[in-house]
A.B. asks: 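Here you go, one structure.
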Amino acid sequence: MTALTLLDYASVLIFALTGALVASRAQLDLVGFAFMACLTAVGGGTVRDLLLDRHPIFWVGQPDYILIAVAASVLVFFTAHLVESRYNWLVWLDSFALSVAVAAGTGAALSLDQSGVIVVLMGVTTGCLGGLMRDVVCNEVPLVLKQGELYVSCAFTGALTAVLAARLGAEPAFSLALCALVCWALRAGSLMFGWQLPVYKSRPPRN
Amino acid sequence: MTALTLLDYASVLIFALTGALVASRAQLDLVGFAFMACLTAVGGGTVRDLLLDRHPIFWVGQPDYILIAVAASVLVFFTAHLVESRYNWLVWLDSFALSVAVAAGTGAALSLDQSGVIVVLMGVTTGCLGGLMRDVVCNEVPLVLKQGELYVSCAFTGALTAVLAARLGAEPAFSLALCALVCWALRAGSLMFGWQLPVYKSRPPRN
Amino acid sequence: MTALTLLDYASVLIFALTGALVASRAQLDLVGFAFMACLTAVGGGTVRDLLLDRHPIFWVGQPDYILIAVAASVLVFFTAHLVESRYNWLVWLDSFALSVAVAAGTGAALSLDQSGVIVVLMGVTTGCLGGLMRDVVCNEVPLVLKQGELYVSCAFTGALTAVLAARLGAEPAFSLALCALVCWALRAGSLMFGWQLPVYKSRPPRN
């Protein structure tokens with residue numbers, strides 16, 4: 001199993017957990033949990049594969065991914081009431097899923113010899129779109145757009161790091177690990193210490 | 001005309017009616033009706049074809065589908081005021097469209113010799129995604145996520161029935177008819193008698 | 001550079017400006033601006049290319065598009081406070097972007113010898129879907145669905161004009177210019193003079 005496949009499995013598993021947690025906040029039934037888990041888990045990677053014309057789509061060729069997502073949703077259905085703060089779990093699991101998925105998307109694009117801009121974009125797409133679909137469908141405020149937090153920025157910086165590392169001749173597995181690490185460190189810093197970029201402020205109203 | 005083509009036409013027609021009904025609730029003009037009808041009618045099948053890399057997409061190769069959807073939207077534009085409860089019509093028409101579209105999606109994937117998991121997923125995708133797009137764009141509460149009702153579950157069970165029937169050697173047309181029937185019976189039972197699966201309940205707040 | 005490429009660049013640039021303006025209304029940071037600008041700028045054309053199975057997707061093969069969108073978002077981030085009414089700018093820029101994107105979509109489908117129905121649809125898709133994604137993600141009321149305004153109708157009429165002109169033997173560049181002009185004139189008329197189609201009115205409530 002290559003590093004890339006491993007990353008895909010890990011990101012599917014963790015994103016599926018976050019999808020199921022959002023389903024628990026919407027009080028869906030078990031099938032609803034599985035639906036949201038699958039949508040979140042494979043959403044970003046599916047868009048990546050469609051954009052890059054990689055067929056079969058990763059989970060169409062390898063239905064294990066779906067079974068993993070379904071298993072994760074069953075687990076959450078029966079255990080989510082045990083955790084103290086589901087929203088906290090959601091946000092932190094999402095930070096891991098984001099990091100791993102950015103690395104997976106970046107790795108896939110690197111292995112297809114795309115240009116640097118496209119590699120970075122595929123990392124961002126794979127990382128951010130699954131969660132975005134989850135939040136739009138369930139009518140949560142998209143984490144992507146939350147003010148005063150780094151999110152897309154983490155994905156972007158992580159993917160950029162991987163591209164630079166690869167250009168400098170690093171091993172693929174090393175570049176991708178670095179990518180996930182940078183992405184996660186930024187996201188965790190933003191969640192814990194409130195790291196953020198300056199946001200756009202419109203001028204104050206004139207009198 | 002094969003059973004599969006017939007199912008595609010039927011699902012396009014009925015989903016187009018539901019899309020136009022949602023447009024009537026949003027008080028759009030005739031072109032808005034046609035837009036929503038087309039989006040709803042071909043949304044699920046388009047995603048299915050993209051995921052399975054079936055080109056041309058069913059309606060790109062055969063623009064009749066679009067003309068049918070447009071005709072349906074014109075019909076609704078001029079007659080929707082005649083019905084007693086547009087929401088009731090919407091929900092019931094949607095139940096027929098769902099059943100037929102699940103059968104169409106399942107049939108398409110079966111004819112491509114996909115694995116069982118993928119066939120079931122394609123049925124669910126084709127059935128549920130057109131209506132989901134309709135509801136997200138028009139800001140209705142997605143039927144997919146409505147609490148206390150079976151929806152994705154019906155699609156799932158219908159598609160699963162078709163896969164099992166096909167494995168047991170049933171005729172394709174028979175499997176698909178069974179699929180639509182099972183899906184619709186469950187959905188109708190849920191609408192009429194309140195059938196549902198247990199939903200996730202968070203634990204009661206501690207004192 | 002062909003007329004078609006020029007149209008693609010122009011529509012990417014103008015749509016990116018509108019995406020960044022919406023980001024400014026949501027008070028995102030610079031990376032959020034770039035994300036929204038890219039989503040809006042390439043959204044419609046990406047769906048068009050996926051539906052028509054044109055690979056590589058226009059911006060995957062030519063990453064300049066992304067750089068243009070990012071440059072536009074940086075420009076807006078630092079200058080949006082200078083304009084009097086950001087919403088006015090948004091709506092008017094969107095009208096230009098719509099017209100140019102409809103022409104680009106129509107041109108792409110014409111050059112692939114698609115049937116008339118599909119050409120018109122591709123024009124509408126390319127023109128309307130980028131803006132729709134922008135508005136759904138940022139939770140604005142979609143311009144597509146705003147009551148009492150022409151929007152999809154402008155795209156539809158513009159694309160239809162181009163198809164008719166092409167059928168009558170007009171030069172491609174001329175057909176596309178006419179398409180953009182008709183689309184923009186209708187949209188501008190709707191914004192300035194309140195042109196609209198009759199909307200659906202449900203019957204008055206009975207006593």
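Only a predicted model underlies this, so the values are computations on that prediction, with no experimental measurement involved. A note on names: the letters A, B, ... follow the listed sequences, proteins ahead of strands, and every chain is numbered from 1.
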A.B. asks: Can you confirm whether B:Q114 sits close enough to A:V60 that some side-chain heavy atom of one is under 4.5 Å from a side-chain heavy atom of the other?
C.D. replies: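 In short, these two side chains touch, coming nearer than 4.5 Å.
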
A.B. asks: When only pairs under 4.5 Å are counted, which of A:P56, A:C38, A:G32, A:S24 shares the most heavy-atom pairs with chain B?
C.D. replies: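 Max contact count across the listed options: A:S24.
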
A.B. asks: Determine whether more than 12 heavy atoms belonging to other residues, nucleotides or ligands lie under 6.0 Å from atom CH2 of B:W89.
C.D. replies: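 No, CH2 of B:W89 has 12 or fewer neighbouring heavy atoms, counting only those of other groups under 6.0 Å.
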
A.B. asks: Contact part of A:L67 toward chain B, heavy-atom cut-off under 4.5 Å: side chain, backbone, both or neither?
C.D. replies: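 It is the side chain, since no backbone atom gets that close.
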
A.B. asks: Write down the atom of B:L51, the atom of A:I57, and the distance for their closest heavy-atom approach.
C.D. replies: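 The pair with the smallest heavy-atom distance is O-CG1, 3.4 Å.
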
A.B. asks: With only heavy atoms counted, which part of A:F35 is less than 4.5 Å from chain B, the side chain, the backbone, both or neither?
C.D. replies: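 For A:F35, the contact with chain B is made by the side chain alone.
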
A.B. asks: Between CZ of B:F156 and CG of A:L30, what distance do you get to the nearest 0.5 Å?
C.D. replies: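 Here the interatomic distance stands at 9.5 Å.
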
A.B. asks: Does any heavy atom of chain B fall under 4.5 Å from the side chain of A:I66, the backbone, both, or neither of them?
C.D. replies: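 Interface part for A:I66: side chain.
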
A.B. asks: Would you compute the distance between atom SG of B:C128 and atom CG of A:L39 and round it to the nearest 0.5 angstrom?
C.D. replies: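 It comes to 11.0 Å.
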
A.B. asks: Would you mind checking which part of A:F78 comes under 4.5 Å of any heavy atom in chain B, side chain (CB onward), backbone (N, CA, C, O), both or neither?
C.D. replies: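 Neither; nothing under 4.5 Å.
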
A.B. asks: Below 4.5 Å from any heavy atom of chain B, which atoms of A:V137 appear? Answer side chain, backbone, both or neither.
C.D. replies: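 Contact with chain B is through both the backbone and side chain of A:V137.
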
A.B. asks: To check you understand the geometry: which heavy-atom pair defines the closest contact between A:H55 and B:L50, and what is its length?
C.D. replies: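 So the minimum-distance heavy-atom pair works out to CE1-O, 3.4 Å.
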
A.B. asks: Given heavy-atom pairs under 4.5 angstrom as the criterion, report whether the side chain, backbone, both or neither of B:V136 touches chain A.
C.D. replies: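 Only the side chain of B:V136 comes within 4.5 Å of chain A.
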
A.B. asks: What part of B:P198 lies closer than 4.5 angstrom to a heavy atom of chain A: side chain, backbone, both or neither?
C.D. replies: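 Just its backbone gets close to chain A.
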
A.B. asks: In terms of heavy-atom proximity below 4.5 Å to chain B, should A:A26 be classed as side chain, backbone, both, or neither?
C.D. replies: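 It is the backbone, since no side chain atom gets that close.
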
A.B. asks: Using a cut-off of under 4.5 Å on heavy-atom pairs, state which of B:D135, B:V199, B:L150, B:V152 scores highest against chain A.
C.D. replies: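 Result: the option with the highest number of such pairs is B:V199.
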
A.B. asks: Give every residue pair that meets the side-chain hydrogen bond (donor to acceptor under 3.5 Å, both in side chains) criterion with at least one member in residues 39-50 of chain A, sequence neighbours excluded.
C.D. replies: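 Matches after skipping sequence neighbours: A:T46-A:W59, A:D49-A:R54.
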
A.B. asks: Side chain, backbone, both or neither: which part of A:C138 has a non-hydrogen atom closer than 4.5 Å to chain B?
C.D. replies: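 Contact with chain B: backbone and side chain both.
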
A.B. asks: Is it the backbone or the side chain of B:S115 that comes under 4.5 Å from a heavy atom of chain A, or both, or neither?
C.D. replies: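 Answer is side chain: those atoms of B:S115 sit under 4.5 Å from chain A.
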
A.B. asks: Enter the distance from B:E149:CD to A:L28:CG here, rounded to the nearest 0.5 Å.
C.D. replies: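 Reported to 0.5 Å precision, the distance equals 12.0 Å.
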
